[in-house]
Amino acid sequence: MRLSSLLSCLLGLANLATSAYTNSSLAFTYDRYNFLLHGEPYQIIGGQMDPQRIPYQYWSKRLLAARAMGLNTVFAYIFWDQVQPTPDTWDFTGRNNIAEYFKLAQEVGLNIVLRAGPYVCGEHEWGGFPSWLSDIDGMVVRSNNAPFLAASKVYLDRLAEEIKPMLVSNGGPVLMAQIENEYGSYGSNHTYMEALRDLFYGAFGDDMVLYTNDGGYSEDIINGQIKGILAETDGGPESGFLARDQYAYPSSLGPQLDGEYYITWLDLWASNQTYDTDVGNPTAIASIVSDLTWTLNNKSSFSLYMFHGGTNFGFQNGADWSKSLTPVITSYDYGAPLTESGGITDIYLALREMIVGYLGNSTTLPAVPKNETPIAIPSIEMKPVVKLFDVLPEPVLADYPTNMEVLGQSQGFTLYRHTVTSSTAGKLIPGDQPRDRLLVYVNQTRVGVIDSIYETYSTVNLELEKGDILDILVENMGRVNYGPRIPDQKKGIVGNVTIGEAVLKGWKMFTLPLVSPASSSSALTDEVTASELATSGPVFYAGIFDIEGEIRDTFLHLANWTKGVVWVNGENLGRYWVVGPQQTLYLPGCYLKEEGNEILVLNLEPSEYMGAVEGVVDRLWGNNPDPDAP
Ligand SMILES: *[C@@H]1O[C@H](CO)[C@@H](O)[C@H](O)[C@H]1NC(C)=O
Ligand SMILES: *[C@@H]1O[C@H](CO)[C@@H](O)[C@H](O)[C@H]1NC(C)=O
Ligand SMILES: *[C@@H]1O[C@H](CO)[C@@H](O)[C@H](O)[C@H]1NC(C)=O
Ligand SMILES: *[C@@H]1O[C@H](CO)[C@@H](O)[C@H](O)[C@H]1NC(C)=O
Ligand SMILES: *[C@@H]1O[C@H](CO)[C@@H](O)[C@H](O)[C@H]1NC(C)=O
Ligand SMILES: *[C@@H]1O[C@H](CO)[C@@H](O)[C@H](O)[C@H]1NC(C)=O
Ligand SMILES: *[C@@H]1O[C@H](CO)[C@@H](O)[C@H](O)[C@H]1NC(C)=O
Ligand SMILES: *[C@@H]1O[C@H](CO)[C@@H](O)[C@H](O)[C@H]1NC(C)=O
């Protein structure tokens, strides 16, 4: 008895130990200390680069630059909201053509680690979740919740349909997939993580290697791991590695991967901090090189966060939340080795030297790409062509306001209009709390700005007479991607609008997602006169420009333009905001042509005193006071 129970105990232990590793005859697998690609040890020298933040026209050259630095693997977040913009529609075209990105990676000799979420954080709108999730009854995201798991399954199954041929087991470059992202710093429900594991196996096949990735602290690891699934950590190498080995389930141990080695950090609007970068800082670069040399010599793997960050084109940016909203800027440069415009930095060169030194001089890498200097575009004549309030779509009518999501809208702006029926005076309360930045107008004259980036935001007191038209233009500045947004992620107006004691009844609601307003540029004919600007509400400005000489990237500078959105040839380049730190918008050369380029700007706060709009060679960073500060 004793012997057999001892034996079964030993067998049980043996089973437990081997169950941590996947079938050794698989194309990609791992043992206790190594990843194994076709049976050979494979050390991941990786970097993060997300397809949906890069113009697809540039994918090939960005991937080649990654390979030329010595990376062998690219880590890619997939943003769910971009591929499933509504419950019934899918978009795998353009920047969302994930399978194509993976194919191009393979062509230059790079493998892929898939980071498909469903929650990814990534400083992206709601961490990648589609806004329509908040409209589903009983939905609780990032939890063992039936509606959430059902929606996640639909997404993962559809994504798998796209990329199955790209899996390593089918001869493609996709080695493995991460489940969720840093769940251990958010929750601790293992049933949820196990349910997600099963969704991944169901979608991608149960021979796919899966892993979890958490902060390198004991609690994060304990909360985020799944028995039998490889547990990896983020952050600095050595401390995280030690913590993992101490706190992970034995069956979750395997080769160590630093899942996100932070090159620098993200930037936030109005943060009072300028652009975060170690470019031009040899001491800081030496420290990066030292960390990563240690990691390589330790026979461990890493992924640089970011190798190349790209741009939050359109309204892709997320936000932080702590008492107030701090939205992420349009640029996702991240101080990365390869800049937003694909420029080679001193960090890039130092890392390449380190990697070549480690791999040995016989390593052959593609040549370092030549830096393509951006071009300057002389001052573009911008004309105020049409008032936003003159080109509104058909409104939705209701007694009381409803939030953006109920109106079927995810991003952009919603205008709430009320015609005053009896005189009223007092403090304006626009629903339960401002979400996020509200421009308030009476008869199209701006009377206040309520901005939730401030914990104590402005108070707008109004005295309204019968017949006055109250407009509240609400901007969604990005749903919170990290940590909970209190109380929820809804945008627009939630709850009633009151002035003093009076609840305002009778609303017209205009949805302005502004996906591509340039398509309606034929309507942009009437010029708004300078004297009208004060009482016009937001105004679209338009300009036409040609490129003299070679077409390359540039950075648009809208000197002294307070806040708005820019499109060039129909491409939404993102938000600008005088507060900084970002002062220029990346305009990729692939969006330009020789003649007749159309630039359209939604200028939220027009005045007579705006500076020139021009393309500059170097990005400008800096902070300015907020003209609308409370
Ligand atoms: C390992 O994988 C191979 C190839 O998929 C399969 O034929 C074999 O049955 C698997 N072995 C085990 C023990 O699962
Ligand atoms: C996980 O969530 C499920 C469903 O909400 C719940 O029944 C279970 O008790 C939770 N588990 C833990 C460990 O909190
Ligand atoms: C930025 O600095 C200004 C002036 O010092 C201050 O009033 C404001 O609160 C600061 N904002 C943040 C987000 O720290
Ligand atoms: C890697 O580092 C860990 C933690 O310091 C150490 O325990 C391990 O022996 C090292 N492995 C190698 C191959 O150097
Ligand atoms: C690589 O080349 C450099 C410079 O030629 C030399 O100093 C170094 O020893 C070589 N390293 C290896 C591993 O061969
Ligand atoms: C606003 O416009 C309405 C309609 O033209 C008019 O009745 C009202 O007097 C105006 N209010 C102010 C303050 O100008
Ligand atoms: C808005 O006010 C109306 C009238 O007082 C009330 O019936 C309704 O429940 C209120 N809506 C909300 C969301 O509070
Ligand atoms: C921006 O505004 C400031 C203050 O009004 C002015 O000094 C500066 O010249 C303006 N810059 C441009 C480029 O128009």
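First listed ligand is number 1; within each ligand, the first listed atom is number 1. For reference, positions follow the sequence shown, starting with 1. Computation of the quantities below employed the complete heavy-atom set of this structure, encompassing side-chain atoms and omitting hydrogens, waters and symmetry-equivalent molecules.
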J.: Applying the side chain to side chain donor-acceptor pair (under 3.5 Å) criterion to Arg479, which one of His124, Gln489, Glu125 satisfies it?
T.: Glu125

J.: May I ask you to check whether Asn496 and Thr498 show a side-chain donor-acceptor distance below 3.5 Å?
T.: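 Distance-only check fails for Asn496 and Thr498.
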
J.: Taking the inter-plane angle between the rings of Tyr249 and His190 on a 0 to 90° scale, is it parallel (under 30°), tilted (30 to 60°) or perpendicular (over 60°)?
T.: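 Tyr249 vs His190 ring planes: tilted.
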
J.: Any Lys/Arg nitrogen of Lys508 or Glu394 sitting under 4.0 Å from an Asp/Glu carboxylate oxygen of the other?
T.: no

J.: If the contact criterion is a heavy-atom separation under 4.0 Å, does Ile469 count as touching ligand 6?
T.: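 Judged by the 4.0 Å heavy-atom criterion, Ile469 does not count as contacting ligand 6.
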
J.: Once the angle between the rings of Trp80 and Phe129 is folded into 0 to 90°, is it parallel (under 30°), tilted (30 to 60°) or perpendicular (over 60°)?
T.: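 Correct class here is perpendicular.
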
J.: Protein N/O near ligand 2 N/O, under 3.5 Å, which pairs?
T.:
from	atom 1	to	atom 2	distance (Å)
ligand 2	2 (O)	Asn189	ND2	2.2
ligand 2	11 (N)	Asn189	ND2	3.1

J.: Using a plain distance cutoff, I'd like to know if Asn298 has any nitrogen or oxygen under 3.5 Å from a nitrogen or oxygen of ligand 4.
T.: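 Yes - when backbone and side-chain N and O of Asn298 are compared with those of ligand 4, one distance drops under 3.5 Å.
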
J.: Salt-bridge test for Lys227 and Glu194: reply yes if a basic N is under 4.0 Å from a carboxylate O, no otherwise.
T.: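 Salt bridge absent between Lys227 and Glu194.
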
J.: What are the atoms of ligand 4, with element, lying closer than 4.0 Å to any heavy atom of Leu242?
T.: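 Listed by number with element, the hits are 4 (C), 5 (O).
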
J.: Tell me, which pairs form a salt bridge (charged side-chain N to carboxylate O under 4.0 Å, His left out) where one or both residues lie in residues 131-155, sequence neighbours left out?
T.: Arg142-Glu180, Lys153-Asp157

J.: For ligand 6 and Asn443, I'd like to know whether there is a polar contact (N/O to N/O, distance under 3.5 Å).
T.: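 Yes, at least one N or O pair falls under 3.5 Å.
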
J.: Give the ring-plane orientation class for Phe79 versus Tyr77, where under 30° counts as parallel, over 60° as perpendicular and anything between as tilted.
T.: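 Taking Tyr77 first and then Phe79, their aromatic rings sit tilted (interplane angle of 30° to 60°).
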
